Visitor: 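My questions will all concern the structure given below.
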Amino acid sequence: MALRVYNTLSGEKETFVPQTPGKVGMYVCGVTVYDYCHIGHARANIVFDIIFRYLKYVGYDVTYVRNYTDIDDKIIRRANQESVDYRVIADRYIKAFDEDMERLGLARPTVEPKATDHIGGIITIIETLMAKGHAYQSEGDVYYAVDTFPEYLKLSGRTMDEMQAGARVEVGEKKNNPMDFALWKSSKPGEPSWDSPWGKGRPGWHIECSAMSMEFLGKTFDFHGGGRDLIFPHHENEIAQSEAANGCQFVRYWLHNGFVNINAEKMSKSLGNFFTIRTVLEKYDPETLRFLILSAHYRSPIDFSDQNLDEAQTGLERMYTCLAAVDDALTAQPSSIDLPAPETLPEAGRELREKVDQAIPRFCEAMDDDFNTALSMGVLFETVRATNRFLAESREFGPLALSLLARVRNLFAEAGTVLGLFNRRPVEWLDGIKSAKAVNMSITPVEIERLIAERAEARTAKNFRRGDEIRDLLLAQGVHLLDSAQGTTWNVK
RNA sequence: GGCGGCGUAGCCAAGUGGUAAGGCAGAGGUCUGCAAAACCUUUAUUCAGCGGUUCAAAUCCGCUCGCCGCCUCCA
């Protein structure tokens with residue numbers, strides 16, 4: 001089954017054929033580093049992290065480039081506000097971004113270039129564009145003349161007329177056409193600047209991506225990704241620059257992720273309705289956030305709320321609880337060889353074996369269909385149910401059963417390398433969730449343990465009334481007791 | 001105003017022509033001294049509404065209603 005991806009350029013799902021067999025070049029627009037990242041950034045980065053991981057998983061040699069935009073108006077403004085060099089701001093938020101992505105469990109891209117390290121390449125492209133008549137100088141600035149590129153707006157599928165109809169047309173006296181955009185901006189005194197054939201200045205926003213992608217991936221490469229909101233103008237302008245300069249196709253498959261919404265509205269800085277990644281991670285586990293993001297298709301909008309995060313956590317707990325039980329069965333078994341002779345699997349076992357046999361193929365089939373993570377997680381949940389059933393119906397496990405459970409464990413580990421989940425030992429993850437919940441309780445774990453001990457004595461003495469009193473008392477505090485043959489443990493509701 | 005997308009159970013969500021995955025929540029049951037977890041059963045004759053095409057539509061077409069996005073920095 002071949003990988004099929006939705007290409008924004010064609011508006012259709014297409015079978016992916018790499019430019020060079022066995023290799024993939026992929027560029028994703030990173031962040032402008034002037035503030036902490038919010039959940040929208042988390043989604044974009046997680047989505048492309050999964051795509052990166054899956055491409056590697058199916059055997060491609062992937063070169064993944066994700067840039068930092070470290071020079072920009074907003075960075076300069078922020079630097080002025082704090083009266084520091086722009087570099088201080090850029091470096092601070094690059095560090096913050098790296099920390100956030102690390103906590104979210106993102107795989108490191110192959111290259112993470114900074115715009116300011118590629119000024120030379122940027123200038124070269126602008127010179128080429130000027131030489132070819134696609135750009136013109138105007139009062140120290142250099143603009144791209146969109147009229148010279150007939151295919152302009154092919155990505156967003158609109159026409160110049162449609163774009164301008166009703167749109168606020170800012171009259172840029174410096175521009176020949178209001179739709180023209182800056183390739184190079186002259187700098188005001190005191191602003192960061194680089195020398196160029198057009199005087200001191202800095203690059204426009206779009207040109208850096210053309211320069212960096214060409215540097216690391218060549219003139220034509222396979223995937224270019226980013227949020228939907230980058231389609232216009234950013235990606236449209238990148239196409240105009242790169243294709244006009246190089247005279248060949250820029251990107252073969254354009255991928256765009258959907259937004260994170262708050263109450264059905266786009267989360268954004270300008271609306272002020274955003275949550276930073278670090279704020280969310282104070283309360284929720286990184287894998288929980290990842291789970292929530294993976295539970296919807298990457299192109300659909302996703303609503304962000306505590307309720308959705310809570311549900312995601314419950315769902316992940318279900319998976320981890322199952323894996324913990326599998327680990328238990330796998331390690332708690334006597335290693336002696338005098339286990340029951342070659343057993344035949346009970347019905348639940350045969351059903352599980354069937355699920356296990358199909359799990360990875362079905363998982364891949366889902367991922368092959370434009371990275372359908374929501375469907376792929378459905379496959380995992382079905383495996384969880386079959387596993388739990390088998391566990392619940394088996395008293396003891398023979399070699400056949402144990403090898404089946406080991407396969408369950410392996411398939412989750414395998415799917416986990418693609419989804420970026422199940423990185424922790426199940427019991428550890430569950431303990432982490434438990435203690436996070438316990439923070440909000442009015443009772444300490446020590447007290448809970450003491451009450452459990454008292455209850456155990458009462459129960460031994462068949463004093464169930466006292467035992468139940470203690471259970472109810474703890475329940476009132478949100479503590480559930482779990483009795484088992486091994487003793488009593490507790491969990492937080 | 002122009003262009004585009006979406007509307008699937010109480011909630012989240014997959015499904016783009018063949019008769020509705022999965023998760024959460026709910027109900028009943030098994031297990032348990034009682035619970036919890038787990039398991040079993042159950043919860044949309046129906047996919048915003050109305051019409052059309054087809055042997056067959058949530059899936060294609062048209063219209064209506066509602067929500068959202070882009071057209072300006074934005075993941």
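Since we're looking at a predicted model, the values are computed, not measured. Chain naming here is simple, since letters A, B, ... match the order of the sequence lines and numbering starts at 1 in each.
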Visitor: Which base, if any, makes a Watson-Crick or G-U wobble pair with B:rC24, both distances under 3.5 Å?
Guide: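 Check on B:rC24: paired to B:rG10, both distances under 3.5 Å.
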Visitor: Watson-Crick or G-U wobble partner for B:rU30, using a 3.5 Å limit on both distances?
Guide: B:rA38
Visitor: Heavy-atom nearest nucleotide on RNA chain B for A:S156 versus A:L475: which residue maps closer to 5'?
Guide: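 The residue closer to the strand's 5' end, by nearest nucleotide, is A:S156.
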Visitor: Under 6.0 Å between ring centres: does that hold for A:F48 and A:F223?
Guide: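 No.
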Visitor: On the six-membered ring of A:Y34, is A:K269 placed so that its NZ or CZ lies under 6.0 angstrom from the centre and within 45° of the ring axis?
Guide: yes
Visitor: Looking at every strand, decide which applies to A:K269 at a 4.0 Å heavy-atom threshold: base, sugar-phosphate, or nothing.
Guide: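 A:K269: no heavy atom of the nucleic acid under 4.0 Å.
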Visitor: Can you check the A:D229 CG to B:rA75 P distance for me, whole Å?
Guide: 6 Å
Visitor: Determine the contact category for A:F48: base if any of its heavy atoms lies under 4.0 Å from a base atom, sugar-phosphate if only primed atoms, P, OP1 or OP2 are that close, otherwise nothing.
Guide: nothing
Visitor: Just N and O in the side chain of A:S300: are any of them under 4.0 Å from OP1 or OP2 of B:rA14?
Guide: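 The answer is yes; a side-chain N or O of A:S300 sits under 4.0 Å from OP1 or OP2.
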Visitor: For B:rU59, give its Watson-Crick or G-U wobble partner with both distances under 3.5 Å, or none.
Guide: none
Visitor: Counting the atoms with a prime plus P, OP1 and OP2 as sugar-phosphate, which does A:H38 contact under 4.0 Å by heavy atoms, base, sugar-phosphate, or nothing?
Guide: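 Since a base atom lies under 4.0 Å of A:H38, the category is base.
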Visitor: Distance check needed: B:rA35 C1' versus A:I470 CD1, whole Å only.
Guide: 14 Å
Visitor: Check nucleotides 20-26 of chain B against the protein and report each pair of N or O atoms closer than 3.5 Å, with its distance, or say if there are none.
Guide:
residue: B:rA21; atom: O2'; partner: A:E382; partner atom: OE2; Å: 3.1
residue: B:rG23; atom: N2; partner: A:E311; partner atom: OE1; Å: 3.1

Visitor: Can you confirm whether more than 12 heavy atoms, excluding those of A:Q81, are under 6.0 Å from its CD atom?
Guide: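 Yes, because the 6.0 Å sphere around CD of A:Q81 holds more than 12 heavy atoms from other groups.
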Visitor: Between the base of B:rC11 and the side chain of A:N308, is there any donor-acceptor pair under 3.5 Å?
Guide: no
Visitor: Please state the P separation for the pair B:rG51 and B:rU46 - nearest whole angstrom.
Guide: 15 Å
Visitor: If you define the side chain from C-beta out and look only at heavy atoms, does anything of A:L183 sit under 4.5 Å from A:P203?
Guide: no
Visitor: Output yes when A:R202 and A:D72 qualify as a salt bridge under the 4.0 Å nitrogen-oxygen rule, no when they do not.
Guide: no
Visitor: Which nucleotide, if any, forms a Watson-Crick or G-U wobble pair with B:rC70, using both distances under 3.5 Å?
Guide: B:rG2
Visitor: Would you say the side chains of A:D310 and A:Y284 form a donor-acceptor pair under 3.5 Å?
Guide: yes
Visitor: The side chain of A:K266 is closest to which nucleotide in this list: B:rC39, B:rA14, B:rG69?
Guide: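 The answer is B:rG69, which lies nearest to the side chain.
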Visitor: Do A:E265 and A:N261 make a side-chain contact, defined as non-hydrogen atoms from C-beta onward lying under 4.5 Å apart?
Guide: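 Counting from C-beta outward, A:E265 and A:N261 never come under 4.5 Å.
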Visitor: When we call it a touch if two heavy atoms are under 4.0 Å apart, what does A:N257 touch: a base, just sugar-phosphate, or nothing?
Guide: base
Visitor: What is the distance, rounded to the nearest whole Å, between atom CG of A:N273 and atom C1' of B:rA75?
Guide: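 So the two atoms are 14 Å apart, to the nearest Å.
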Visitor: Might you work through the salt bridge (charged side-chain N to carboxylate O under 4.0 Å, His left out) test for A:R455 and A:D468, ending with a clear yes or no?
Guide: CA-CA 8 Å; A:R455 175 167 169 273; A:D468 288 352; 5.3 Å; no
Visitor: Round to a whole Å and report the spacing from CZ of A:R299 to C1' of B:rA14.
Guide: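 Rounded to whole Å, this separation is 13 Å.
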Visitor: Whether the side chain of A:N372 and the base of B:rG15 hold a donor-acceptor pair under 3.5 Å is what I'd like checked.
Guide: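 Side chain to base: no pair below 3.5 Å.
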Visitor: Using only modelled atom types and a 3.5 angstrom limit, is any donor from either the side chain of A:R471 or the base of B:rC34 paired with an acceptor on the other?
Guide: yes
Visitor: With heavy atoms under 4.0 Å as the rule, sort A:K462 into base, sugar-phosphate or nothing.
Guide: nothing
Visitor: Among B:rA36, B:rC40, B:rA75, which nucleotide sits nearest the side chain of A:R389?
Guide: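 Of B:rA36, B:rC40, B:rA75, B:rC40 is nearest to the side chain of A:R389.
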Visitor: Tell me: CD1 of A:I231 to P of B:rG69, nearest whole Å?
Guide: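 Roughly 15 Å, once rounded to whole Å.
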Visitor: Which donor-acceptor pairs under 3.5 Å do the side chains of residues 374-387 of chain A make with protein atoms, sequence neighbours left out?
Guide:
residue: A:S376; atom: OG; partner: A:T373; partner atom: O; Å: 2.8
residue: A:E382; atom: OE1; partner: A:K355; partner atom: NZ; Å: 2.8
residue: A:E382; atom: OE1; partner: A:R362; partner atom: NH1; Å: 3.3
residue: A:E382; atom: OE2; partner: A:R362; partner atom: NH2; Å: 3.2
residue: A:T383; atom: OG1; partner: A:V379; partner atom: O; Å: 2.9
residue: A:T387; atom: OG1; partner: A:T383; partner atom: O; Å: 2.7

Visitor: Taking any heavy-atom pair under 4.0 Å as a contact, classify A:F232: base, sugar-phosphate, or nothing.
Guide: sugar-phosphate
Visitor: Rounding to the closest angstrom, what is the interatomic distance between B:rC61 and B:rU54 at atom C1'?
Guide: 12 Å
Visitor: P atom, B:rC24 versus B:rC40: distance in rounded Å?
Guide: 12 Å
Visitor: Taking for each residue the nucleotide of RNA chain B with the nearest heavy atom, is it A:E265 or A:S270 whose nucleotide lies nearer the 5' end?
Guide: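 With A:E265 and A:S270 compared, the 5'-side residue is A:E265.
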Visitor: Just name whichever nucleotide pairs with B:rA44, Watson-Crick or G-U, keeping both distances under 3.5 Å, else none.
Guide: none
Visitor: Side chain of A:F259, heavy atoms from C-beta onward: which of B:rG33, B:rG69, B:rC73 has the nearest atom to it?
Guide: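 Of the candidates, B:rG69 comes closest.
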Visitor: For a quick check of understanding: with a heavy-atom distance under 4.0 Å over all strands, which category does A:R455 fall into, base, sugar-phosphate or nothing?
Guide: base
Visitor: Rounding to the closest angstrom, what is the interatomic distance between B:rG2 and B:rC73 at atom P?
Guide: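 That atom pair is separated by 23 Å.
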Visitor: Answer yes or no: does atom CZ of A:F216 have more than 12 heavy-atom neighbours from other residues, nucleotides or ligands under 6.0 Å?
Guide: yes
Visitor: Remember a base hit wins even if backbone is also touched, and classify A:G226 as base, sugar-phosphate or nothing at under 4.0 Å, heavy atoms.
Guide: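 Answer is sugar-phosphate: A:G226 comes under 4.0 Å of backbone atoms only.
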Visitor: Nearest to the side chain of A:R459 - B:rC39, B:rG2, B:rC34?
Guide: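 The answer is B:rC34.
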Visitor: Can you confirm whether the side chains of A:T489 and A:N491 place a donor and an acceptor under 3.5 Å from each other?
Guide: no
Visitor: Take atom P in B:rA13 and the same atom in B:rC31, then report the distance between them in whole Å.
Guide: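 To the nearest whole Å, 38 Å.
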Visitor: Quick one: label A:G157 by what it contacts on the DNA or RNA (base, sugar-phosphate, nothing), any heavy atom closer than 4.0 Å.
Guide: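 A:G157: no heavy atom of the nucleic acid under 4.0 Å.
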Visitor: With P as the reference atom in both, quote the distance from B:rA57 to B:rA20 in angstrom, rounded to an integer.
Guide: 12 Å
Visitor: Is A:F464 stacked on the base of B:rG33 when the test is centres under 5.5 angstrom and planes under 30 degrees?
Guide: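 Check passed, A:F464 stacks on base of B:rG33.
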Visitor: In this structure, how many angstroms lie between the P atom of B:rA75 and the NE2 atom of A:H234, rounded?
Guide: 9 Å
Visitor: From the set B:rC3, B:rG33, B:rA14, return the single nucleotide nearest to any side-chain atom of A:R158.
Guide: B:rC3
Visitor: B:rC3 C1' sits how many Å from A:D161 CG, rounded?
Guide: 12 Å
Visitor: How would you label the contact of A:T159 with the nucleic acid (heavy atoms, under 4.0 Å): base, sugar-phosphate, or nothing?
Guide: nothing
Visitor: For A:Y6 and B:rG4, what is the distance between atoms OH and P respectively, to the nearest whole Å?
Guide: 12 Å
Visitor: Between B:rG18 and B:rA56, how many Å separate the two C1' atoms, rounded to a whole number?
Guide: 6 Å
Visitor: State whether A:H480 places a side-chain N or O below 4.0 Å from either non-bridging phosphate oxygen (OP1 or OP2) of B:rA36.
Guide: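 Negative; the distance criterion is not met.
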